[in-house]
Novice: 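What follows is a structure written as structure tokens; I'll ask about it next.
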Amino acid sequence: VAYRLRDMATDALAVLDDLGIDRAHVMGLSMGGMIVQQLAIDRPERLLSVTSVMSTTGDPDVGQATPEAFAILTGPPATSRASAIARHLEGNRTFGSPDHYDPDRLTQAAEEAFDRCFYPPGVARQITAVLASGSRSDGLRTVTVPTLVMHGDADTLIDISGGRRTAECIPGARFEVLEGMGHDYPPAFWDRWIELVADHAGVAATP
């Protein structure tokens, strides 16, 4: 195992340090949500608020993918720009928001992602880091940072039970279900998303 989620959380702190930011409102999606959870456990003094989206606690009885979604996540990696785009489209057809599949928008996003950085070994190491890090439930029960947990009820890559468990573990956490959202964030959900996160951060920042 090259690294675990705790190492990735330390990388996030390094960014705050480099920018001279003592405390921040931090949001993470999917694996990013796991990293934010680890930050809240290990370094709560650096956080003003936490938002964990479409994520889970690492417990094996919640947040599991459907067989179809798991097969795409763990299948052979793309080998070219064209195959990376095709894989992205297939993934969104399988675990994205079912009523908001937009191939033109998704193709553009896949093209930009490929051109920015295409490195399948890194993806494999990230999946390994998630699996090797185990459950955070016990640690989450000690979290005192104001926490918002968001999850789509159409998510088949990380089942919504993972979000529910996260909110159940963290004392005082707020749990919000985004109806019809899968493991993605199409424009149809942006207004609601922004409203929830802005409200959460505003309340957390109020003395």
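Model, not experiment: these values are computed from the prediction. What's counted below: heavy atoms across the whole structure, side chains too, no hydrogens, waters or symmetry copies.
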Novice: Taking atom NE2 of H151 and atom CD1 of I160, what is their separation to the nearest 0.5 Å?
Specialist: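 With rounding to 0.5 Å, NE2 (H151) is 6.0 Å from CD1 (I160).
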
Novice: Can you hop from L13 to V36 via hydrophobic side chains spaced under 4.5 Å?
Specialist: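 Linked, L13 and V36 end up in one cluster.
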
Novice: What distance separates H88 NE2 from I72 CD1, expressed to the nearest 0.5 Å?
Specialist: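 H88 NE2 to I72 CD1: 11.5 Å, rounded to 0.5 Å.
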
Novice: Okay, side chain of D184, backbone of P186: is any donor-acceptor separation there less than 3.5 Å?
Specialist: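 Not a single qualifying donor-acceptor pair exists.
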
Novice: How long is the span from the CE atom in M8 to the OG atom in S133, to the nearest 0.5 Å?
Specialist: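 It comes to 8.5 Å.
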
Novice: Within a strict 4.5 Å, meaning less than it, do heavy atoms of the D159 and Q64 side chains meet?
Specialist: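 They are not in side-chain contact.
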
Novice: Assess whether side-chain contact (heavy atoms from CB on, under 4.5 Å) is satisfied between L196 and L178, documenting all intermediate values.
Specialist: CA-CA 10 Å; L196 287 170; L178 281 77; 4.2 Å; yes

Novice: Are there over 12 heavy-atom neighbours, none belonging to R174, within less than 6.0 Å of that residue's CZ?
Specialist: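 More than 12 heavy atoms, drawn from other residues, nucleotides or ligands, come within 6.0 Å of this atom.
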
Novice: Is the backbone N or O of T94 less than 3.5 Å from a side-chain atom of T156, with the two atoms forming a donor-acceptor pair by type?
Specialist: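 The answer is yes, because a donor-acceptor pair under 3.5 Å joins these two groups.
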
Novice: Quick one: does S49's side chain have a donor or acceptor within less than 3.5 Å of a partner on A204's backbone?
Specialist: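 Here the side-chain-to-backbone pair does not exist.
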
Novice: Taking all atoms of both residues into account, what is the closest heavy-atom pair of A129 and Y3, and its distance?
Specialist: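 What the structure gives for the nearest pair is CB-O, 3.2 Å.
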
Novice: Suppose we screen for salt bridge (charged side-chain N to carboxylate O under 4.0 Å, His left out). Which residues come up paired with D153, at least two apart in sequence or across chains?
Specialist: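 Salt bridge (charged side-chain N to carboxylate O under 4.0 Å, His left out) check on D153 returns nothing, list empty.
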
Novice: Quick check on E179: does its CD atom have over 12 non-hydrogen neighbours (other residues, nucleotides or ligands) under 6.0 Å away?
Specialist: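 No, CD of E179 has 12 or fewer neighbouring heavy atoms, counting only those of other groups under 6.0 Å.
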
Novice: For F70, I'd like to know if atom CZ has over 12 heavy atoms of other residues, nucleotides or ligands within 6.0 Å.
Specialist: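 12 or below, so no.
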
Novice: Do side-chain atoms of T142 reach the backbone of G139 as a donor and acceptor pair under 3.5 angstrom?
Specialist: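 Yes, because the side chain of T142 sits within donor-acceptor range (under 3.5 Å) of the backbone of G139.
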
Novice: Could you check whether any side-chain N or O of E68 sits under 3.5 Å from a backbone N or O of T66, counting only pairs where one atom can act as donor and the other as acceptor?
Specialist: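 Side chain of E68 to backbone of T66, a donor-acceptor pair under 3.5 Å: no, none is there.
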
Novice: Can M150 and L148 be said to form a side-chain contact (heavy atoms from CB on, under 4.5 Å), step by step?
Specialist: CA-CA 7 Å; M150 297 163 51; L148 169 66; 3.7 Å; yes

Novice: When you check the gap from the basic side-chain N to the acidic O, do R165 and D61 get nearer than 4.0 Å?
Specialist: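 So R165 pairs with D61 through a salt bridge.
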
Novice: Quick one: closest heavy-atom pair of I158 and M54, and the distance?
Specialist: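 Minimum heavy-atom contact is CD1-O, 3.4 Å.
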
Novice: If Ile, Leu, Val, Met, Phe, Trp and Tyr residues are connected whenever their side-chain heavy atoms lie under 4.5 Å apart, and connections chain through other members, are L5 and L39 in the same group?
Specialist: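 L5 and L39: separate clusters.
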
Novice: Roughly how far apart are D102 CG and Q108 CD, rounded to 0.5 Å?
Specialist: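 The distance works out to 10.0 Å.
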
Novice: May I ask you to decide if V1's main-chain N or O and T128's side chain share a donor-acceptor pair within less than 3.5 Å?
Specialist: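 Not confirmed, T128 side chain does not pair with V1 backbone.
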
Novice: Walk me through whether D115 and R81 qualify under side-chain contact (heavy atoms from CB on, under 4.5 Å).
Specialist: CA-CA 8 Å; D115 294 342; R81 195 174 192 265; 3.0 Å; yes

Novice: Minimum heavy-atom separation for D155 and H183, please, with both atom names.
Specialist: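 Closest approach of D155 to H183: OD2-ND1, 2.8 Å.
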
Novice: How is the hydrophobic cluster of I194 composed, in terms of its other members, when Ile, Leu, Val, Met, Phe, Trp and Tyr link through side-chain heavy atoms under 4.5 Å apart, directly or indirectly?
Specialist: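 Taking Ile, Leu, Val, Met, Phe, Trp and Tyr as members, I194 stands alone, with no cluster partners.
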
Novice: Go through the structure and list residues passing salt bridge (charged side-chain N to carboxylate O under 4.0 Å, His left out) with D11, not counting sequence neighbours.
Specialist: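 Residues passing salt bridge (charged side-chain N to carboxylate O under 4.0 Å, His left out) with D11: none at all.
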
Novice: Salt bridge between R136 and D42, side-chain N to carboxylate O under 4.0 Å?
Specialist: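 No, R136 and D42 are not salt-bridged.
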
Novice: If I compare all heavy atoms of R125 with all of A2, which pair ends up nearest, and what's the gap?
Specialist: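 Nearest pair, atom of R125 first, then A2: CD-CB, 3.6 Å.
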
Novice: Testing the basics here: between G163 and V149, what is the closest heavy-atom pair and its distance to 0.1 Å?
Specialist: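 Minimum heavy-atom separation between G163 and V149: O-CG1, 3.4 Å.
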
Novice: Do Y185 and H100 pass the side-chain contact (heavy atoms from CB on, under 4.5 Å) test, and can you show the C-alpha distance, the side-chain angles, and the key distance before you say yes or no?
Specialist: CA-CA 9 Å; Y185 38 93; H100 302 281; over 6 Å; no

Novice: Counting C-beta onward and ignoring hydrogens, is there a side-chain heavy-atom pair between V62 and D59 closer than 4.5 Å?
Specialist: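 Yes, close enough: below the 4.5 Å cut-off.
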
Novice: Under the rule for salt bridge (charged side-chain N to carboxylate O under 4.0 Å, His left out), what residues qualify as partners of D17, not counting sequence neighbours?
Specialist: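 Applying salt bridge (charged side-chain N to carboxylate O under 4.0 Å, His left out) to D17 gives R46.
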
Novice: The criterion is side-chain contact (heavy atoms from CB on, under 4.5 Å); which residues satisfy it with P44, sequence neighbours excluded?
Specialist: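 Counting only residues at least two positions away or on another chain, P44 forms a side-chain contact (heavy atoms from CB on, under 4.5 Å) with V145.
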
Novice: Honestly curious: do I21 and L47 fall in one hydrophobic cluster under the side-chain, below-4.5 Å linking rule?
Specialist: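 Yes.
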
Novice: Checking the side chain of S83 only, and the main-chain atoms of A78 only, is there a donor and an acceptor separated by less than 3.5 Å?
Specialist: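 No; zero donor-acceptor contacts below 3.5 Å.
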
Novice: Checking D138 now: which residues fulfil salt bridge (charged side-chain N to carboxylate O under 4.0 Å, His left out) with it, not counting sequence neighbours?
Specialist: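 Only R141 meet the salt bridge (charged side-chain N to carboxylate O under 4.0 Å, His left out) criterion with D138.
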
Novice: Donor-acceptor pair, Q37 side chain versus T56 backbone, under 3.5 Å?
Specialist: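 Yes; judged by distance alone, with no hydrogens or angles, the pair exists.
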
Novice: How many angstroms lie between CZ in R164 and OG1 in T57, if you round to the nearest 0.5 Å?
Specialist: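 Between atom CZ of R164 and atom OG1 of T57 there are 13.5 Å.
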
Novice: Hey, is the main chain of G182 close enough, under 3.5 Å, to the side chain of S97 for a donor-acceptor pair?
Specialist: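 Flag set: sc S97 to bb G182 pair under 3.5 Å.
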
Novice: Given 3.5 Å as the limit, does a donor-acceptor pair link the side chain of R93 with the main chain of P98, or not?
Specialist: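 Not at all, since once roles are kept as given, no pair shorter than 3.5 Å links the two residues.
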
Novice: Report the distance from atom CZ of R87 to atom CZ of F114, rounding to the nearest 0.5 Å.
Specialist: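 CZ of F114 is found 13.5 Å from CZ of R87.
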
Novice: Same cluster or not: I127 versus Y119, using hydrophobic residues (I, L, V, M, F, W, Y) connected whenever any side-chain heavy atoms lie under 4.5 Å apart?
Specialist: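 No, I127 and Y119 fall in different hydrophobic clusters.
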
Novice: Linking I/L/V/M/F/W/Y whenever their side-chain heavy atoms sit closer than 4.5 Å, directly or via other members, would M181 and L106 fall into one cluster?
Specialist: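 In one cluster: no.
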
Novice: Between the side chains of E195 and R192, is the shortest nitrogen-to-carboxylate-oxygen separation below 4.0 Å, so that they form an ion pair?
Specialist: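 Yes, R192 and E195 are salt-bridged.
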
